[in-house]
Amino acid sequence: MNTQTTTAAVPKAAPQAGFVRTLKFVVRHRALYFMLAPGMLYFLVFKYVPLLGSVIAFQDYNIFKGFLESEWVGFKWFEEFFTYPNLKRLIVNTLLISFYQILFAFPAPILLAVLLNEVRNMAFKRFVQTVVYLPHFLSWTIVFGFVYMLLSVQTGLVNQAIQAMGGEPVSFLQKAEYFRTIIIASGIWKEMGWSAIIFLAAIAGISPSLYEAARIDGANRWKQFVHVTLPGLLPAIMILLLLKIGHIMDLGFEQIYLFLNPLTLSTGDVLDTYAYRAGILGGKYSLTTAIGLFKSVIGFLLLVVANRASKATTGEGIY
Amino acid sequence: MKIKTSFGEKCFDIANTAFLLLACLLVILPLMHVVAGSLSETNALIHSQVKLWPVGFNLDNYILVFKNTTFWRSFGVTLFVVVVGTMINMVLTVLTAYPLSKPYLKGRRPFMLYIIFTMIFQAPMIPTYLLVKALDMLNTIWALIIPGALSAFNLILCITFFRSLPEELFEAARVDGMSEYRIVWRITMPLSLPIVVTLLLFYAVAHWNNYYSALLYITDAKLRPLQMYLYMLLAQYDTSDARSFMSTITTWDVSPQGLQMATIIVATVPILLIYPFVQKHFIKGAMLGSLKE
């Protein structure tokens, strides 16, 4: 009887003691928790509240009623979106630009990192790095400005070259057929150098003893690349590729919005730019949030599928 | 150890060098073209004679940009956002990172998960917009600052760095009766100069380059930041703003294109000026981030 009560009392008292200990810890280190409070509040208000606010996709959201009072309408907005006449165009544009990004823009920094790694002259290597990292720090507005001036019919360098070779000047930015090329090329121009840093870091992390062993086995630089560098890079490549696939519907709104104009809508209008026009400019809050949710769900599903495929084939995955 | 290079390797080295030089050239040429255009005589510019070097020498484009009060107002907005915004960013980042860098802090893991979750699941555009609207920040300068007051990515960079500092140092300071706030200010910050500089510049550049927030939250022309002003000048695909501005002055050697080019350069120069000084910090910071991920 006696032992029974004590054994029963122990597990009951233990969590309380733990709680008291935690409380004592918090009180003693209250300065640390005070410091933490503003940052945590920031994430709560500006990250979690809008995330919860996504419920307006299922409401007939009325700005005066707020999302507590607005009427619930189920999948009405998803239905409206799926019957939108230009939907096919939006989805095709989004997927095509994303596909081209994966095909061309994704390998570019890997190639750059590998080539930079083969440079023996450190001064030259540093010079190249300094130059190619720079565009990352320019805003999309400025990059757009450079592209605009470069392709300008009247003054642009590219059209001058075309004319010098006897061709007719082309107003590239007003032609739908060039839109995707310009987006991909300017994206590579801006971010190739910066994205290469991750791959350079991955190469730097490969043990030098692997290279030594390969050299002793008689591997030349190409063989060293194939058998040491590439396998060493593979995990980084796979993880970044998977992340890109998870964000296949996010193409970089800022860039596309800048380059887009009424003449290039047919090849350049994507889910995000439509959402901006319909939502912020048109006030269709619920519809646009439904598009956002649709994007996230597709992205999430793709990520799950791609991760599974990657694990099955290369053994790499992000979870 | 000197290794004899084969003929094939020499060919590769030459091709590699050529390729990398080409990449550099592709970065530099657009910049040179716009600089050249902005400094050229208007006649040469509009008759497509400007390539990579100015034809003649003409500062009127720049003088007019600097005489434009709309430009200065936008510049002022951006300057305010860069200075005040970066200060808020830094205070929040350092204060949040310091406790989270303590391995003994109770609740550290849930706090970290709470932060990382926001990096994976991003809030959509409209609910964020409605929040800013509900907070009555639309068309105020705070809409350009507060919604981006803290970056989860930069925060994690900062935590990682703080963790590398020896705890004995803080212990000693505590024994001497220093408060945690003083420790952050007098010990952690001075020891963390590389990361502090990196974050300072990441945040400042982000503010300088930001036009997205203005696109969403600002309709009042008085509050347009510099990038938005530049966008308006360029993306309307006509140059009515520049033209109407120019019509008031006829004795200057300027053209809409020249003014646009000069504005692009003016918006670029601050980045170009700080870039060489901070490059190595940036890269250290980015490396740290990439290895952590």
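Protein chains get the first letters and strands the later ones, always in sequence-line order, with residue 1 at the start of each.
When side chains are defined from C-beta on, B:Y275 counts as touching A:Y133, because their heavy atoms get closer than 4.5 Å. By the 4.5 Å heavy-atom criterion applied to side chains, A:M40 and B:I115 are counted as neighbours. Within the 4.5 Å cutoff, side-chain heavy atoms of B:L272 are placed close to those of A:L134. Side chains of B:Y129 and A:Y276 form no contact here, defined as non-hydrogen atoms less than 4.5 Å apart. Side-chain atoms of B:F19 and A:L111, non-hydrogen and from C-beta on, do get closer than 4.5 Å to each other. Residues B:I146 and A:F46 are in side-chain contact: their nearest non-hydrogen atoms beyond the backbone lie under 4.5 Å apart. A heavy-atom distance below 4.5 Å is found between the side chains of B:K106 and A:Y33. Counting heavy atoms from C-beta outward, B:L105 and A:H29 have side chains that stay 4.5 Å or more apart.
Of the two parts of B:F12, only the side chain, counted from C-beta on, holds a non-hydrogen atom closer than 4.5 Å to a non-hydrogen atom of chain A. Proximity to chain A is limited to the side chain of B:L155, based on heavy atoms less than 4.5 angstrom apart. Both the backbone and the side chain of A:F43 come within contact range of chain B, with heavy atoms under 4.5 Å apart. Contact annotation for B:V91: neither backbone nor side-chain heavy atoms come within less than 4.5 Å of a heavy atom of chain A. With a threshold of 4.5 angstrom between heavy atoms, B:L45 approaches chain A through its backbone and through its side chain. Interface remark: B:V50 contributes backbone atoms only to the contact with chain A (heavy atom separation under 4.5 Å). Contact annotation for B:F121: both backbone and side-chain heavy atoms come within less than 4.5 Å of a heavy atom of chain A. When heavy atoms are compared at a cutoff of 4.5 Å, A:L151 does not approach chain B at all.
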Tell me, with the steps shown, if B:Y212 and A:Y257 meet ring-ring contact (aromatic ring centres under 6.0 Å, His included).
-> CA-CA 10 Å; B:Y212 180 72; A:Y257 182 78; 9.4 Å; no

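A donor-acceptor distance shorter than 3.5 angstrom exists from the side chain of A:Y48 to the backbone of B:Y114, with no hydrogens or angles considered.
Annotation for A:F34: atom CZ does not count as buried by contact number, only 12 or fewer foreign heavy atoms lying within 6.0 Å. Other residues, nucleotides and ligands contribute at most 12 non-hydrogen atoms within 6.0 Å of the NZ atom of A:K284.
A distance of 14.5 Å separates NE2 of B:H207 from OG of A:S139, quoted to the nearest 0.5 Å. Rounded to the nearest 0.5 Å, atoms CG (B:L233) and OG1 (A:T141) are 11.5 Å apart.
The residue among A:Y61, A:W140, A:W189, A:F127 with the most heavy atom pairs within less than 4.5 Å of chain B is A:W189. For the set A:A275, A:G292, A:S286, A:S54, the entry with the most heavy-atom pairs within less than 4.5 Å of chain B is A:S54.
Contact detail for B:P124 and A:P50: the closest heavy-atom pair is CD-O, 4.1 Å. For the pair B:T268 and A:I142, the tightest heavy-atom approach, listed with the atom from each and the gap, is OG1-CG2, 3.3 Å.
At a cut-off of 3.5 Å, with distance as the only test, no side-chain donor of A:Q160 or B:S48 sits close to an acceptor on the other residue.
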